[in-house]
Protein chains: 2
Amino acid sequence: MAKDPGVLTERKKKILKAIIESHIANGEPVGSKYLTENKQIECSSATIRNEMAELEDMGYLEQPHTSAGRIPSELGYRFYVDSLIEDYSVTAKEVEQIHQMMRSKVSELDQIMNMASKVASHLTNYTAIAVKPRETLVTINRFETIFIDEYHFILVLVTSGDVVKTKNITTTRSLTRAFVGQVADSLNTHLAGKSAQEINLPLMMSLETEFAPYSELVSPVMKVVYDTMSVLDQGEMQVAGMDRLLEYPEYKDMESLKRLIGTIEEKEEIVNLVSEAGRDQHNIVIGSESEVKVMENSSLVFKPVVRNGKTVGAIGVIGPLRMDYARVLALLEAVTGNVSELLDDRKLDERKIEDKGDTNHG
Amino acid sequence: MAKDPGVLTERKKKILKAIIESHIANGEPVGSKYLTENKQIECSSATIRNEMAELEDMGYLEQPHTSAGRIPSELGYRFYVDSLIEDYSVTAKEVEQIHQMMRSKVSELDQIMNMASKVASHLTNYTAIAVKPRETLVTINRFETIFIDEYHFILVLVTSGDVVKTKNITTTRSLTRAFVGQVADSLNTHLAGKSAQEINLPLMMSLETEFAPYSELVSPVMKVVYDTMSVLDQGEMQVAGMDRLLEYPEYKDMESLKRLIGTIEEKEEIVNLVSEAGRDQHNIVIGSESEVKVMENSSLVFKPVVRNGKTVGAIGVIGPLRMDYARVLALLEAVTGNVSELLDDRKLDERKIEDKGDTNHG
DNA sequence: GTTAGCACTTGAGACCTTTGAGTGCTAATC
DNA sequence: GATTAGCACTCAAAGGTCTCAAGTGCTAAC
């Protein structure tokens, strides 16, 4: 495909940039005449045609059919975002909107991220996602137990990363407050520092002897612990503004739209993609660059959200290849910046508390 | 529209039923000739035409255009599900699939429900939802606190309905283990039995005096409590198999599809609909019967999941008006039945534990 | 290296016709 | 009075033809 991607004359770059930006704006193939008339390029349409032919040879452009203009190829977009793109300046109004929408009462990470994805979708007019990446190494930090009544107690599990999970445990055998306290102690002795993988049969057996005559408790408790840890490993993802996909003519094709929606809903692959990404910079995945075959017709742009130096999630945008990358990048920057600010522990004086807890129903 | 919906001759019922079932199966308008040839109706096409004309007058049928067959109206579907529908028998294979898919290791309600919605979508081939209904009256049951270190403790909040939420609280002022214990005691004295609405300024002020010199703690703690309670009120909803919508020609129309996807993603309105529903029976909402204007072209069928006599959620299916109601009803019955079984406390002997806890990250 | 000019290609859209399924109505029949 | 055969009528869907306009590649002149 590409002949010599390194050597693009200034004029070629200018033409390529003009084509890409026109196509992003209009969604239609761009012709040579259009460029001479609407973009400041000082040469005739014939010259542009020659240049375009060469750019096509190099793999930056494509032609839907002989008598149509050119559209950028994936390689073209890639070159554009790497070398040609100009910073978009977020407008005051957009900043205002971000602040407005993020200024909600909630302080839970999940909800902040969720709201951030809504903001991102709203401002960019693309489908947006909020991802909580897969945790690679979750270990048990400590246990606490709370005695409720004879037959119920709550198991509190604090993991690395200050994640707290609680579980109601119901037994058929009556308990005492003291015993429930011992449970926590034993669990702490045996399990602190362990990861899900390290919970194995010998461990369980040693616990069973220790807990006699409540050995019946061991396996359910361990199951809960194991469940909890596994869930944490998994990552999460929320979607906002899925319906916006339908506004773009590239998703007129029902079949590919169906597949894309399926992939988004499945979450798995996208969470993977995001989890593997670097921590600080923007990440742009253009079409078939990703291993997610199904995203072939789409681009994913996301930016991690960092709190206290730790990546706690990412906000991203999914849309057609001809996404307005400049604008999306700038807006994601603004949104994640805002989220980080909300999460920043150094601003405790202002908010006084930080919450990392979570809930579950039963 | 309707002249006298009560008096349908047996033959009219038979014809109506045949039309609806044909249309559900094929998605196309049904003509008189088709009926004589494929359904056992002992009269000529002309007679059927007369009958169909009358059924149309009564409001049970509609005609897309003069030279087309008839399709059922919403009223027609309503009459069908109320009076004409025949029970569908879930096949052994389907039962097997339900068991297979539900036999996963997890025991958390959220995850069970989520899996159930996937099963429902898979088996019915419609979009499915798992709803956790709005709680109407959540009150505080009790507090516990867990001392972590000088600057951190965990606040555990047990609400009515045995829902547990935990929050990490970070302070700028150093704490003692004893003090953290007192916090719980105070909170219990002042807040036990209260609902979110009852947390007001006077209450906060009385707490602030009590907590001096840690009065700075009061407002953040109360915020957490309030947040928590509000979130519980809200209800939740998960979607599975959204892409399946695109398989039905009635959603070819991008504009209405966009609106439907928007409504589903928004969740709000559907959660309302489900939350208001009765507890035990099936619920069938056909098109514009619901106040959710946007579902005008679609039907929602759902069945509550009951645990220990309490409605803890619902599994439902969203699809075109010409949904295969009989099959959907039977499969939802089977799926919710399976879920209830998994949740049933009486089977504790088998699983020994019950978990109601939940998680959150930070 | 650039440009004017021209023949060529091709999808989109407008318009027309055909086709066939299905109807409503009338008059004959049971 | 209910049923049915028969027939004229309607209308969307499908296919065909034509035109239109945008855009190209190429050649030859600058």
Less than 3.5 Å apart, any donor N or O on the side chain of [X] or [Y] sitting next to an acceptor on the other?
| X | Y | result |
| --- | --- | --- |
| A:T263 | A:E269 | no |
| A:R327 | A:T124 | no |
| A:D253 | A:S256 | yes |
| A:Y88 | A:E94 | yes |
| B:E250 | B:N297 | no |
| A:T127 | A:R244 | no |

Measure all distances between protein nitrogen or oxygen atoms and nitrogen or oxygen atoms of nucleotides 10-20 of chain D, and list the pairs falling under 3.5 Å.
residue	atom	partner	partner atom	Å
D:dT10	O2	B:S67	OG	3.4
D:dC11	OP1	B:T66	OG1	3.4
D:dC11	O4'	B:S67	OG	3.2
D:dC11	O2	B:S67	OG	3.2

Listing time: all N or O pairs from protein to nucleotides 27-30 of chain C that are below 3.5 Å?
none

Rounded to whole Å, how long is the line connecting atom [atom1] of [X] with atom [atom2] of [N]?
| X | N | atom1 | atom2 | result |
| --- | --- | --- | --- | --- |
| B:H23 | C:dA21 | NE2 | C1' | 15 Å |
| A:E56 | D:dT24 | CD | P | 10 Å |
| B:I71 | C:dA21 | CD1 | C1' | 16 Å |
| B:I48 | C:dT23 | CD1 | P | 10 Å |
| A:E51 | C:dT2 | CD | P | 7 Å |
| B:D57 | C:dG24 | CG | C1' | 12 Å |
| B:I41 | D:dT4 | CD1 | C1' | 16 Å |
| B:N26 | C:dA21 | CG | C1' | 15 Å |

Aromatic plane relationship, A:Y126 with A:Y248 - under 30° parallel, 30 to 60° tilted, over 60° perpendicular: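 A:Y248 and A:Y126: parallel rings.
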Which class fits the ring pair A:Y77 and A:Y325: parallel under 30°, tilted 30 to 60°, perpendicular over 60°?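 Correct class here is tilted.
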Identify whether the distance between the nearest side-chain nitrogen and carboxylate oxygen of A:E86 and A:K17 falls below 4.0 Å.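 Yes, this pair counts.
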Quick check: does any side chain N or O of B:E265 sit under 3.5 Å from a backbone N or O of B:G262, one acting as donor and the other as acceptor?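 No, B:E265 side chain to B:G262 backbone: no donor-acceptor pair under 3.5 Å.
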Among B:I98, B:V317, B:V90, B:V328, the one residue meeting side chain to side chain contact (heavy atoms under 4.5 Å, CB included) with B:L123: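 Filter result, single survivor: B:I98.
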Polar pairs (N or O, both sides) under 3.5 Å between protein and nucleotides 3-5 of chain C?
residue	atom	partner	partner atom	Å
C:dT3	OP2	A:S44	N	2.9
C:dT3	OP2	A:S44	OG	3.4
C:dT3	OP2	A:T47	OG1	2.5
C:dT3	O5'	A:S44	OG	3.4
C:dG5	O6	A:R49	NH2	3.2

Does A:R70 place a side-chain N or O at less than 4.0 Å from the phosphate oxygens OP1/OP2 of D:dA22?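 Looking at the OP1 and OP2 atoms of D:dA22, neither is under 4.0 Å from any side-chain N or O of A:R70.
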